[in-house]
Protein chains: 2
Amino acid sequence: MNPINIIIVDDHLLFSQALNGLVSNFDEFNVLKVLNNGKEVIDYISNNNQQPEIILMDIQMPIVNGIEATNWLKNNAPDIKVLALSMECDEVTILKMLRAGAKGYLLKDIHPNILRHALKEVYSNGFYYTENVTNTLLNSIQNAAPNNVSLKDRELEFLKLTVSERTYKEIAEVMCLSPKTIENYREALFEKLEVKTRIGLVLYAIKEKIVIL
Amino acid sequence: MNPINIIIVDDHLLFSQALNGLVSNFDEFNVLKVLNNGKEVIDYISNNNQQPEIILMDIQMPIVNGIEATNWLKNNAPDIKVLALSMECDEVTILKMLRAGAKGYLLKDIHPNILRHALKEVYSNGFYYTENVTNTLLNSIQNAAPNNVSLKDRELEFLKLTVSERTYKEIAEVMCLSPKTIENYREALFEKLEVKTRIGLVLYAIKEKIVIL
DNA sequence: AAAAATAAGGGGGTATTTCCCCTTTTAAAA
DNA sequence: TTTTAAAAGGGGAAATACCCCCTTATTTTT
C-alpha cells in the first residue's frame, strides 16, 4: 500500500525536524515536505503537482498563521485534511481552528503513538480530537453563562429564537406569547446584556455559546 | 473506603433494574435508589437526608424529563453530579443536557466497563464524555456551511460593519457611500449568501470567520 | 466599438424594530 | 394576609430595515 503523504508546517525548525524524523519512521506515512509557515503552505499547494493527504499544522506562526492557512486550504484544496498540532489549548483558538476546517487537533505534549493514531484516524475516519481538546470545549459550553448575568430559561429560548432569523412576531408565536411580551424580553435582555440592537443579542448568544455555529 | 452512592433514573424498568444489578456489582459504588422519572428525582432529593454523589440519568422520561431534572439539580443540589445515559446522540439533545449541567454523557450501547470508568471519572475528575458524543459536537461546529461564495473587499467591509451593531446609515458614513448604495450591498449579499435578514449576515460572517468573536 | 457587467445612487412603500410609559394578572415574600 | 415582585400584555410613535423597480456613469468583456 502506498504511504500517505504528509506535510509538516512549523516555524520551530528543531521541532519540525524532530517531527519529520518521527513521522518518517511510521511506515504508513511519507513526509512530503517540511515548511515553516502558512505562506509557504499556500505557495507549495498552489505550485506543486504532488499534493499531501494530510497537513500537520502548527497554529502560531509568522507571516500567515495556521488558522489563516487552514482557511485558505478549505477554500482552495478542500480534500487536504489539516491536523492541528499546537501548544494552545484554549477554547477560542480551538474553535477558530475548527471553524477554519481543521479535521483534528493535537497538543504538542502527546505521545508519538497518539500522533500516529491521530494521523490514521484523520485519514480513515476524517477526524481526530484529543481528549484534552474535546474536554476543553465541552466544559467551556458549561462554564459559559455564569459570567455575571444568569439568563432564565425563557430568556434563553427567546435569545435562541432571535438568532434564528425570526421576527419578533414569529418568536411570539413559537413561544406562545404576545408580541408585546416579547418586547419585554427584548428590552430586559438589552439592558442585562448591555447591547443596543438585536445584533448585539446574536453576538452575545454566540460568544457565550448559547448557540453553536 | 466508603462506596460512592448512585441513583439510577430511567423509565424503562427492565433497563433500570439491569443497570442496578450491574452497578451494584461494582464494589466502588452503591445504588441508593432506582427512580422512574425526573419528578421522582426532585421528590427524592427534596425529602431525603442521604444524598447521592452521582445520578445516572436517562433523558427521555415522562412527567419530568432528564434535562429538566438536571436543570433543577443544578439550582437545588449543585454538588450532585449528573451522568447522562441516553440513546439520543443528536447535537441538540447533547447541548441541552450539557447546558443543564450534566457532567458526563454516555450512550446506552456502551460496554459495562466504560460505564464503570465513566462513573469513576465523573466522581474524581468531574466529567466524562464518550467519544461519540464529543465527535458529534465537534463535527457539528464544522459542518456549518461550505458555502463557497467569494466576497469582494467592499462587501467584506460592509459585512464587518454590519456585525458591529451599526445602522445602515452609520455604515454608509463609515464607507463614504450613500445609504441607498448600502442598500444595494445588503440586497446583493442577501441573495448571494441566501439569508433573509441582517441576522443572517451576522451568522454568516461569524461562521466564515470574517469576524472573529 | 458595442454589449455587458459593476458600482453608485434614488423613489416610494411596507414591515419591523426600537423606545417609553402604562395596566393587569400571577406568583412569591413579609 | 397584605405587600412586593415578576410575568404578561398593551398604546402610540419614530427610527430602521426590508423590498421592488429604476437611472446613470464607469469599467470589462467580446
Side-chain angles (χ1 to χ4, degrees), chain A residues 145-146 148-206 210-211, chain B residues 39 42-43 45-47 64 68 71-77 147-206 210-211:
Chain A
N148 34 31
V149 285
S150 74
L151 300 187
K152 290 158 208 145
D153 287 355
R154 223 81 223 284
E155 287 178 331
L156 278 177
E157 200 181 342
F158 166 75
L159 202 46
K160 287 178 198 164
L161 288 167
T162 300
V163 178
S164 70
E165 282 195 78
R166 268 176 247 245
T167 67
Y168 291 139
K169 200 195 293 181
E170 291 166 337
I171 294 174
E173 276 169 27
V174 175
M175 290 181 72
C176 295
L177 292 174
S178 100
K180 276 298 182 178
T181 305
I182 294 298
E183 287 260 295
N184 292 337
Y185 279 98
R186 183 186 58 71
E187 287 189 82
L189 282 184
F190 272 26
E191 194 166 353
K192 203 185 269 192
L193 307 182
E194 294 175 6
V195 302
K196 295 189 301 296
T197 69
R198 59 197 277 129
I199 301 282
L201 293 183
V202 172
L203 297 178
Y204 177 89
I206 294 169
I210 288 161
V211 292
Chain B
K39 174 76 167 54
I42 296 174
D43 288 346
I45 300 299
S46 302
N47 301 317
V64 171
E68 293 161 339
N71 250 315
W72 185 90
L73 288 164
K74 179 173 65 178
N75 295 321
N76 296 279
N147 204 353
N148 50 2
V149 287
S150 69
L151 299 187
K152 291 158 205 138
D153 287 355
R154 223 78 221 285
E155 287 178 330
L156 279 177
E157 199 181 342
F158 166 74
L159 203 44
K160 286 178 193 166
L161 289 167
T162 301
V163 179
S164 70
E165 283 195 77
R166 267 176 247 246
T167 67
Y168 291 139
K169 200 196 293 179
E170 291 167 338
I171 294 174
E173 279 171 24
V174 175
M175 290 181 72
C176 296
L177 293 173
S178 99
K180 275 299 184 181
T181 305
I182 293 299
E183 288 260 296
N184 291 338
Y185 280 99
R186 182 185 60 70
E187 286 190 84
L189 282 184
F190 272 26
E191 193 166 354
K192 202 185 271 191
L193 307 181
E194 294 175 6
V195 301
K196 293 188 303 295
T197 69
R198 63 201 330 253
I199 301 286
L201 294 182
V202 172
L203 297 178
Y204 179 89
I206 294 168
I210 288 160
V211 292

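Small disclaimer: the values here were computed from a predicted structure and weren't measured. The analysis underlying the following values was restricted to heavy atoms, covering all of them including side chains, and did not include hydrogens, waters or symmetry mates. In what follows, chains carry the letters A, B, and so on, assigned in the order in which the sequence lines appear, proteins first and then strands, with residues in each chain numbered from 1.
Between the CG atom of A:Leu161 and the OG atom of A:Ser164 there is a distance of 5.0 Å, given to the nearest 0.5 Å. One distance of note links OH of A:Tyr185 with NZ of A:Lys192; it measures 10.0 Å at 0.5 Å rounding. For the atom pair CG of B:Asn47 and CD1 of B:Ile42, the computed distance is 11.0 Å after rounding to the nearest 0.5 Å. In this structure, CD1 on A:Ile210 lies 5.0 Å from CG on A:Leu159, to the nearest 0.5 angstrom.
Scanning all heavy atoms of the two residues, the minimum distance from B:Ser178 to B:Ala172 falls at C-CB, 3.9 Å. Closest approach of A:Ile171 to A:Ile182, counting heavy atoms only: CG2-CD1, 3.8 Å. The two residues A:Tyr168 and A:Arg186 make their nearest non-hydrogen contact at OH-CD, 3.0 Å.
The interatomic distance linking B:Tyr185 (OH) with C:dT6 (P) rounds to 12 Å, in whole Å. When rounded to the nearest whole Å, the span between CG of A:Asn184 and P of C:dC21 equals 14 Å.
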B/S/- along nucleotides 12-18 of chain C (protein heavy atoms under 4.0 Å) is B---SSB
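Backbone-only engagement by A:Ser178 is indicated by non-hydrogen atom pairs under 4.0 Å involving sugar-phosphate atoms exclusively.
Legend: salt bridge (charged side-chain N to carboxylate O under 4.0 Å, His left out) pairs involving residues 157-180 of chain B, not counting sequence neighbours, sorted by first then second residue: B:Arg154-B:Glu157.
Checked against side chain to side chain donor-acceptor pair (under 3.5 Å), A:Glu183 has no partners two or more places apart in sequence or in another chain.
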Exercise for the section: Quick one: do A:Ile206 and B:Leu203 satisfy side-chain contact (heavy atoms from CB on, under 4.5 Å)? Show the steps, please. Expected result: CA-CA 9 Å; A:Ile206 294 169; B:Leu203 297 178; 3.7 Å; yes
Could you please spell out the steps behind the side-chain contact (heavy atoms from CB on, under 4.5 Å) verdict for B:Phe158 and B:Leu177? CA-CA 11 Å; B:Phe158 166 74; B:Leu177 293 173; over 6 Å; no
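Axis angle between the ends of the helix from C:dA1-D:dT30 to C:dA29-D:dT2, five pairs each and rounded to 10 degrees, works out to 50°.
Contact check of residues 157-165 of chain B against DNA chain D (heavy atom, cut-off under 4.0 Å) returns no residues at all.
Two residues are said to be in side-chain contact when any heavy atoms from C-beta on lie closer than 4.5 Å; B:Asn76 and B:Ile45 fail this criterion.
Residue-environment remark: NZ (B:Lys39) stays at or below the threshold of 12 foreign heavy atoms within 6.0 Å.
Boundaries of the chain B contact region on DNA chain D are D:dT16 to D:dC20, first to last in 5' to 3' order (nucleotide atom under 4.0 Å from a heavy atom).
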